[in-house]
Amino acid sequence: MATTTSVHGMWTTRLAFILAATGSAVGLGNIWRFPYTAGEYGGGAFVLIYLLCVAAIGIPIMMAEIMLGRRGRQSPINTMRTLAQREGKHPAWQLLGWMGIVTGFLILSFYSVVAGWTMAYTVRSATGVFLNIDTAGADAVFGALTGDAERLLAWHTIFMVMCVFVTARGVAGGLEKAVRFLMPTLFLLLVLLVIYSFSTGSFAKAADYLFTPDFSKLSATAVLSAMGQAFFSLSLGMGAIMIYGSYLHSEASIGGNSLIIAGMDSLVAILAGLAIFPIVFANGMQPEQGSGLVFKVLPITFGSMPGGVLFSTLFFVLLVFAAWTSAISLLEPVVAWLVENLGLSRVRAAVLAGVSVWLLGIACLLSLNEWSDVTIFGKGFLDLFDFLTANILLPLGGLLIAIFSGWVLSRAVSVDELALDEGLTYRLWRVLIRYVAPLAVAVVFVAGLI
Ligand code: TRP
C-alpha cells in the first residue's frame, strides 16, 4: 500500500535527507532562541529538561513524523487524510495538517523578521561597526535596528523573497547543495567561538550556569518552555519533518536518521550556549534579557577578538543560511498542499504562500516599534506568536502525531516503515510514542498553562 515516490520530487541521496532535515532543525532556534530562553528560565534545570524532552519526546515523535510522511507521500493535510482513511478512521485527522499550516505561517512570520536582524548584522560586521564595541554600544545598535520599522521591513522582505525563490525551484534542487557546505562550516565557526569564549575567564561560570541544575528555579512555565524549545528546535509538530520524510526513499532507516539529526541539533544548541554565556558573565550582563540577548552579546565577542571583522561577517552570513534552510521547511508543507489541491504551479504556490507570510510578518516587525503598545496577554505580536507556536501549537501537534502513530495507525504499518522487526528498539519506540510522549506533553501542558 505504501507509495514509493512523491509527485513533488525525491531526495537524490540518503545523505541529502539528513542534510535537509538537519538544515531544517538547525537554525535561529539553536543560536538565537535556545540561549535566550535558557537565560530567561535560569539555565541548568531548563537545559536538563530540554535535553530530556529531546530524548524521550522529540526523537520518537521525529521518527513518527518521518514515518507518516513517507507512508503518505503528500502534503501533511492529504497525508493525514489518506492514512486515516486507509485505517478506516475519521478523515478529521487531516485537521492536524491544517493546524500545521497555521503554525508554520505564524512561525515563519516572526522567524523572517529575526532572520532580517541577522542580515542587518552581517552588513554591520563587514563595515566594522562592532570593532571594540562595549555593552552600551551593542545595546544601542540593537535598539536602533529594532526601532526602525522601515529597515526591518526591507530585510524581512529580502528574506521572504529568498525563501520563495528556493521553494519555487523545488526543495531538492538548491537546498541539498547549500546545506552540504553550510552545516560543516557553521559548526567549525561555532567551535571557534567556544574556544574564544573559553579564553575570557568566565567559562567555568557559564558551564556551571548551563549544566548545574538549580531546581528551585524550575517553574511549570519553565518546563513548558523547555519542552516547547525542544519541539521548535527539532522542527517538530507542524509537518515540516513530515513533508521532508515524504521525499525520502523507502529503504532509508528512520530511527538512525532521527538520532543523527536530533544529536546534531542539540550539539549546536549547547555549543551556542557555551559561546554566549561566558561573554554574558565576563561583561556583567543579565542572562534574562529576552530575545535580543545573542544580538547584544555576539558583537562584543567579535569586537574584541583578533580577526573579528572577518569572523563575525562569516558567522552572520552562515546564520542567515541556517535560517534560510529552516524557513524553507516551514513553507514547504503549504506549497505542496497548494500544488496538490488547487493545481497551482510550484512557482505560484510559493509566491502565494510567501506573500501571506510576509503580510503577517509586518505585524511582527511593527510590534517592535510603532505598535509596541499593542499587546495581547501582555505580549506584542512577535513575542506572542513565538510563545503561542512553540509552547502551545507545536506540542499540541506533536501530541496528536504521537496518538495517531501509536494508537490509530495499525501496528503492522509502523513495523514495516520503521523496519525494526518488532525488536527491542521497536518496542521502546512504541512505549515512548503511545504512553510517554502523550502523557508527558499533556501533563506539562496542563501544569504550564494553569
Ligand atoms: N527548527 C528551526 C530552528 O531551530 C525552526 C523551524 C524550521 C521549525 N521548521 C520548523 C520550528 C517547523 C517548528 C516547526 O531554527
Side-chain angles (χ1 to χ4, degrees), residues 19-38 50 53-54 57-58 61-62 64-66 69 75-76 96-97 99-118 159 163 166-167 171 175 179 182-183 186 190 225-245 258 261-262 264-273 291 294 318-336 353 357 385-401:
L19 288 172
T22 311
S24 166
V26 175
L28 297 171
N30 307 61
I31 291 166
W32 158 72
R33 200 175 190 282
F34 174 74
Y36 100 72
T37 29
Y50 157 76
C53 288
V54 168
I57 307 177
I61 292 184
M62 181 178 283
E65 264 204 62
I66 301 174
S75 67
L96 175 56
M99 199 174 85
I101 302 285
V102 174
T103 313
F105 269 66
L106 291 173
I107 295 180
L108 192 49
S109 71
F110 71 81
Y111 204 83
S112 171
V113 173
V114 179
W117 302 352
T118 324
F159 187 76
C163 294
V166 174
T167 315
V171 166
L175 190 67
V179 181
L182 167 89
M183 285 294 142
L186 182 69
L190 260 183
S225 299
M227 183 174 80
Q229 175 60 24
F231 276 98
F232 189 93
S233 193
L234 294 170
S235 300
L236 295 177
M238 60 78 52
I241 292 294
M242 198 186 286
I243 192 94
Y244 277 16
S258 302
I261 298 159
M264 297 217 271
D265 186 65
S266 302
L267 187 62
V268 171
I270 297 291
L271 284 177
S291 59
V294 179
L318 287 167
L319 199 49
V320 173
F321 273 98
W324 196 7
T325 57
S326 298
I328 291 162
S329 74
L330 287 159
L331 217 45
E332 183 63 18
V334 66
V335 170
V357 173
F385 289 1
D386 178 309
F387 184 87
L388 196 69
T389 52
N391 296 353
I392 298 172
L393 292 170
L394 295 177
L396 194 60
L399 177 70
L400 293 174
I401 288 169

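All values derive from a computational prediction rather than experimental measurement. Both counts, for ligands and for their atoms, begin at 1 and track the order of listing.
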Next on the checklist: Students often mix this up, so state it plainly: with edges at 30° and 60°, are the rings of Phe110 and Phe232 parallel, tilted or perpendicular?
Outcome noted: parallel
Checklist entry - Considering residues at least two apart in sequence or located in another chain, which fulfil the salt bridge (charged side-chain N to carboxylate O under 4.0 Å, His left out) criterion with Asp265? => result none
Item to check | Residues in contact with ligand 1, criterion: heavy atom under 4.0 Å | outcome: Ser24, Ala25, Gly27, Leu28, Gly29, Asn30, Ile107, Tyr111, Phe232, Ser233, Ser235, Met238, Ala240, Ser326, Ser329, Leu330, Leu394
Checklist entry - Do you know which two heavy atoms are closest between Ile66 and Ser258, and how far apart they sit? => result CD1-OG, 3.6 Å
Item to check | Nearest heavy-atom neighbours spanning Ala322 and Leu186 | outcome: CB-CD2, 4.0 Å
Checklist entry - Do Ser225 and Thr37 have side-chain N/O donor and acceptor atoms under 3.5 Å apart? => result no
Next on the checklist: If I compare all heavy atoms of Ile57 with all of Met227, which pair ends up nearest, and what's the gap?
Outcome noted: CD1-SD, 4.2 Å
